[in-house]
Undergrad: 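Let me give you the structure first, and then I'll get to my questions.
The chains referred to below are lettered A, B, ... by the order of the sequence lines, with proteins before strands, and numbering in each begins at 1.
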Amino acid sequence: MDPKPPLRSLTGIKPTGMPHLGNYLGMIRPAIQLTEDCEAFYFIADLHALTTQHDRQALKEHTIQVAATWLALGLDPTRTLLFRQSDVPEVTELCWYLSCVTPLGLLQRAHAFKDAVAKGREITSGTFFYPVLMAADILAYDSDVVPVGKDQKQHVEMTRDMAIAFNFHFGDTLKVPEPRIGEEVATIPGLDGEKMSKSRGNAIPLFLDPKSLKKLVLSIRTDSTPLEAPKDPESCTVFNLFRLLASPEATAELAERYRLGGFGYGHAKLALFDLLEQHFAEARDRFRRHMDHPADVEDVLDAGGRRAREVAVRTVSRVRDAVGL
RNA sequence: AGGGGCAUAGCUCAGUUGGCAGAGCAGCUGAUUCCAAAUCAGCAGGUCGUGGGUUCGAGUCCCUCUGCCCCUGCCA
């Protein structure tokens, strides 16, 4: 056994409502996997959500839904901290200290900001400051690694810039984190074959009731190859979703049926539906139980928040001392 | 900084002299299909950017604020 303490990894999860299959395969499953050998801090980024979410009821509901989802999918809150970003006010304090060593130009170069400007979106100061708050999240917990998709890599690099700038001005105080870019997960196709995303409206939500789920799976777009004809599995969305969850054996078997012909897309869809049920039915029951007892979920978040805050308080007191407060 | 234009359904836009808020596309339901698509039938969809004012009555007229676009100026 390695005597070194486990690395601390940190991830923020935006509370955008019930997560979908693409979220699960792309982020949730690998993140839960990571808790096996890392000390994981996973927070629900409610402060970040506030840049776009101005519906208080929706924010509350989404927060509980996201927490319930992670718990249902196997996150163990006794060994992984699951908490609300907003339960650690030290983060916003640290955000200020960081902003005072962050050049304006650094924020102006942020991809997300430039993209919003280019698209003519209404943009608030909070959106502009997003990367500083994110840096504060990462640095407040002395995170070692930050598992992110490549779209988030720039934010982690900005965090490093801010930490290095702070350390230059005030002495070695903040731990400079490493981005850990997850190995390229194949893009998850949605109902229409395009990349699955909530905004495209082509997502398959996790924990949908069986009847709705079946209907949704049957609506996956397929070509008009007739029932009898052989079909190419590689170009079929149904097959590509199936293989992401199925064993290699089951995948090979399904591919074979495609190539033989006489096997329709409708049949393939039912196979995918069965696979989804097999995979998520139990988690769905757990999710439902959590949603029926939101107070218990709140307790988990509260407890996680207290433990996370202890860490952040120590960091911020170190930072206050460093800047001369 | 000054002048002008724009803001209406998820999207693109109509909306007459101030008089019951509309269309196309997207969406949803059904028929059809192994399933989907296409087609057909049906349904739903709105703080008319914000806040005030005039009026019996405001999407429409007046003022405020916010955001976007254009022109001019200023700074470099």
Side-chain angles (χ1 to χ4, degrees), chain A residues 14-23 49-59 61-62 103-105 107-130 187-246 250-251 253-280:
Chain A
K14 235 178 159 177
T16 50
M18 194 192 289
H20 56 71
L21 188 61
N23 298 141
L50 231 32
T51 59
T52 52
Q53 175 64 266
H54 295 159
D55 178 336
R56 67 190 300 276
Q57 198 56 39
L59 184 61
E61 280 172 15
H62 292 171
L104 188 61
L107 299 185
Q108 287 171 329
R109 265 176 264 131
H111 295 144
F113 172 69
K114 288 201 295 188
D115 186 58
V117 171
K119 286 180 179 160
R121 294 232 174 84
E122 288 193 20
I123 183 161
T124 63
S125 310
T127 305
F128 183 64
F129 243 63
Y130 196 105
T187 50
I188 317 295
L191 299 175
D192 57 2
E194 303 294 313
K195 181 181 195 285
M196 186 182 292
S197 78
K198 193 171 184 183
S199 58
R200 280 175 209 263
N202 65 355
I204 299 174
L206 297 172
F207 312 146
L208 211 52
D209 65 279
K211 195 178 168 207
S212 306
L213 179 63
K214 181 184 265 185
K215 182 162 186 162
L216 207 57
V217 169
L218 287 174
S219 79
I220 291 171
R221 187 161 186 169
T222 51
D223 62 42
S224 50
T225 310
L227 177 62
E228 304 74 26
K231 297 170 186 64
D232 173 29
E234 301 295 328
S235 63
C236 176
T237 303
V238 181
F239 179 79
N240 285 320
L241 285 172
F242 186 91
R243 79 200 311 185
L244 289 166
L245 287 170
T251 303
E253 188 191 331
L254 187 69
E256 189 56 24
R257 292 172 123 189
Y258 267 72
R259 295 196 187 91
L260 284 174
F263 180 75
Y265 289 119
H267 304 121
K269 287 172 183 181
L270 290 176
L272 175 60
F273 167 71
D274 287 341
L275 183 66
L276 286 168
E277 276 296 294
Q278 183 189 320
H279 232 265
F280 294 111

Undergrad: Between B:U33 and B:C69, how many Å separate the two C1' atoms, rounded to a whole number?
TA: 48 Å
Undergrad: Can you check the distance between B:A7 and B:C43, where both ends of the measurement are the P atom (answer in whole Å)?
TA: 30 Å
Undergrad: Rounding to a whole Å, what distance do you find between A:L191:CG and B:G27:C1'?
TA: 13 Å
Undergrad: Side chain to side chain contact (heavy atoms under 4.5 Å, CB included) for A:M18 and A:E61? Distances and angles first, verdict last.
TA: CA-CA 10 Å; A:M18 194 192 289; A:E61 280 172 15; over 6 Å; no
Undergrad: Tell me the interatomic distance from A:Y265, atom OH, to B:A37, atom C1', rounded to whole angstroms.
TA: 12 Å
Undergrad: Output the rounded distance in Å from CG (A:N202) to P (B:C28).
TA: 12 Å
Undergrad: Can any side-chain N or O of A:N240 pair as donor or acceptor with the backbone N or O of A:S235 at less than 3.5 Å?
TA: no
Undergrad: Can you measure A:D192 atom CG to B:C35 atom C1' for me and round it to whole angstrom units?
TA: 16 Å
Undergrad: On a whole-Å scale, what distance lies between the P atoms belonging to B:C61 and B:U16?
TA: 9 Å
Undergrad: Do the numbers put A:K231 on top of the ring of A:Y265, so that NZ or CZ is under 6.0 Å from the six-membered ring centre and no more than 45° off the axis?
TA: yes
Undergrad: For atom C1', what is the distance between B:G27 and B:A9, given to the nearest Å?
TA: 11 Å
Undergrad: Keeping A:D274 on the side-chain end and A:A271 on the backbone end, is there a donor-acceptor pair under 3.5 Å?
TA: no
Undergrad: Provide, to the nearest angstrom, the distance between the CD1 atom belonging to A:I220 and the C1' atom belonging to B:U33.
TA: 16 Å
Undergrad: For A:R200 and A:K195, indicate whether the former's side chain and the latter's backbone hold a donor-acceptor pair under 3.5 Å.
TA: yes
Undergrad: In whole angstrom, give the distance that lies between atom CG of A:L218 and atom P of B:U29.
TA: 12 Å
Undergrad: Base, sugar-phosphate alone, or nothing: which one does A:L227 contact when heavy atoms must sit under 4.0 Å apart?
TA: base
Undergrad: Can you tell me, in whole Å, how much space there is between the P of B:U72 and that of B:C13?
TA: 25 Å
Undergrad: When rounded to the nearest Å, what value does the distance between P atoms of B:C28 and B:G67 take?
TA: 36 Å
Undergrad: With a 3.5 Å limit on both atom pairs, tell me what B:A1 is paired to, counting Watson-Crick and G-U wobble, or say none.
TA: B:U72
Undergrad: May I ask which nucleotide in the shown strands pairs with B:U39, Watson-Crick or G-U wobble, both distances under 3.5 Å?
TA: B:A31
Undergrad: If you measure from the P atom in B:C74 to the same atom in B:U54, how many Å do you get, rounded?
TA: 43 Å
Undergrad: When all nucleic acid strands are considered with a 4.0 Å heavy-atom cut-off, which category describes A:S224: base, sugar-phosphate, or nothing?
TA: base
Undergrad: Specify the separation, in whole Å, of atom NE2 of A:H267 and atom P of B:U33.
TA: 14 Å
Undergrad: For A:K214, is the NZ atom crowded, meaning more than 12 foreign heavy atoms sit under 6.0 Å from it?
TA: no
Undergrad: Given atom CG of A:L216 and atom P of B:A36, what is their separation to the nearest angstrom?
TA: 12 Å
Undergrad: Pick base, sugar-phosphate or nothing for A:T225, based on heavy-atom distances below 4.0 Å to the nucleic acid.
TA: base
Undergrad: Which one is paired to B:G10, where only Watson-Crick or G-U wobble pairs with both distances under 3.5 angstrom count?
TA: B:C25
Undergrad: With rounding to whole Å, what would you report as the distance between B:A23 and B:C63 at their P atoms?
TA: 33 Å
Undergrad: Need one value for A:K215: base, sugar-phosphate or nothing, where a base atom within 4.0 Å counts as base even if backbone is also close, heavy atoms only.
TA: sugar-phosphate
